[in-house]
Amino acid sequence: MTILAVTMNPSIDVQYPLDHLKLDDVNRVTTVRKTAGGKGLNVARVLHCLDHPLIATGVLGGFFGQYLSSQLEQDGIRGDFAQIDGETRSCIAILHDDGDQTEVLEKGPTLSADDAANFLQHYEALLKQVDLVTISGSLPGGLPVDFYAQMVALGHKAGVKVFLDASGAALEAALKADEKPDLIKPNDSELGALIGEEVDRKNLPQLAKQLAHPIFDGVSWVVVSLGAAGAFAKHNADYYQAAIPKINVVNPVGSGDSTLAGLAYATDKGESVEDTLRSAMTTGMLNTMEAKTGFVDKSKFDEYFTKVTVTKQ
Ligand code: ADP
């Protein structure tokens, strides 16, 4: 059982910790952290922490692409990326002034039609080796808006489930296509944007009505993650609330990616609907308890799993 974790716009994530950020001046940094970043790589890292077989894929280019590849290798994560002509991007997070974070995010390379075709060929070959695909994050420039929809259709042609964690036009195109993603995981604000309505985390009957929106017809799983409030989910015609205990949050960045990893992990292991939601909440929580993004401590999994309450509505 192997999961393919896709990141189409990966980055080298650079962290610059500073006591104080001085604008229009020189800021000297002594400790720099550089990691392989991108939402799908967080999914891959969490699956790796859970000792679940995975392949990380997407596109890489230039020296930064090589660097990202070597970082994954160092972490013991199996990567199998398609090469592009452009250069993989860097994203800089300046951590300063007691908890403030200022980010400088490169848009990333623009892919050519050849890059896109090469990747899809590479992806089709990988589909033969896996049982489930997760696709996370934004589409890089140059790819058509229905690129993820195409990837879902290719997955289904190969008999592989495809979980999609995207937003905006790429997600809408995938929901409008004939072959629907098997799971989507919007958070509350992404759900609001999709259906054009306000989403109230506490109003469960209203959430159920909102998930009954025809835009979700044919999608087996719609899991709406609600931060500290857990999640609300639709599985076929059934609705579930997942409630989680109060925990000590260290770093919530990447929690949604960890939730997707938990959903894929449990689905790949053939777990029940309830236990799939429990696993997803557990990986989400465990990620918030660590300083490192996309990292979970497997030894705590069972303890937190039992603390999640899933109620059919
Ligand atoms: P996203 O990162 O996509 O916005 P959420 O913030 O909804 O996703 O978080 C995903 C999951 O991570 C939640 O469903 C929950 O399990 C866990 N989580 C996130 N924030 C917290 C928090 N403050 N306390 C407890 N669990 C959290």
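In listed order, ligands and their atoms are each counted from 1.
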Considering the heavy atoms of [X], write down every atom of ligand 1 situated less than 4.0 Å from one of them.
X      : answer
Ile244 : 15 (C), 16 (O), 25 (C), 26 (N)
Val249 : 22 (C), 23 (N), 24 (N)
Thr288 : 18 (N), 19 (C), 20 (N), 21 (C), 27 (C)
Asn187 : 1 (P), 3 (O), 4 (O)
Thr259 : 10 (C), 11 (C), 12 (O)
Ile247 : 24 (N), 25 (C), 26 (N)
Leu226 : 7 (O)
Lys185 : 3 (O)

Short version for Lys246: what comes under 4.0 Å of ligand 1, heavy atoms counted, is neither

Could you tell me whether [X] and [Y] have a side-chain N and a carboxylate O separated by less than 4.0 Å?
X      : Y      : result
Arg278 : Glu274 : no
Asp13  : Lys34  : no
Glu271 : Lys269 : yes

task = Say whether, by atom type as modelled, one donor and one acceptor occur between the side chain of Asn287 and the main chain of Val253 under 3.5 angstrom.
result = yes

Worksheet item: If only atom types and distance count, is the side chain of Arg89 paired as donor or acceptor with the main-chain N or O of Asn9 below 3.5 Å?
Response: yes

Which protein heavy atom lies closest to [atom], and at what distance to 0.1 Å?
atom                   : answer
atom 8 (O) of ligand 1 : Ser225 OG, 3.3 Å
atom 2 (O) of ligand 1 : Gly256 N, 3.1 Å
atom 9 (O) of ligand 1 : Ser255 CB, 3.5 Å

- Quick one: is the NZ or CZ of Lys307 closer than 6.0 Å to the six-membered ring centre of Tyr304, and within 45° of its axis? yes

Among Gly227, Gly254, Pro245, closest by heavy atom to atom 13 (C) of ligand 1 is Gly227

Ranking Gly230, Gly284, Ala231 by closest non-hydrogen atom to atom 14 (O) of ligand 1, top hit is Gly230

Q. Out of curiosity, is Glu190 lining ligand 1, as in a heavy atom under 4.0 Å away?
A. no

> If you draw a 6.0 Å radius around CZ in Phe64, do more than 12 non-hydrogen atoms from other residues or ligands fall strictly inside?
Replying inline: no

Exercise for the section: Verify the neighbour count for atom CG of Asp19: are there more than 12 heavy atoms of other residues, nucleotides or ligands below 6.0 Å? Expected result: no

No-hydrogen, no-angle side-chain donor-acceptor test under 3.5 Å, Ser225 and Lys185 | yes

Could you check whether Asn27 and His96, counting side-chain N and O atoms only, form a donor-acceptor pair closer than 3.5 Å?
no

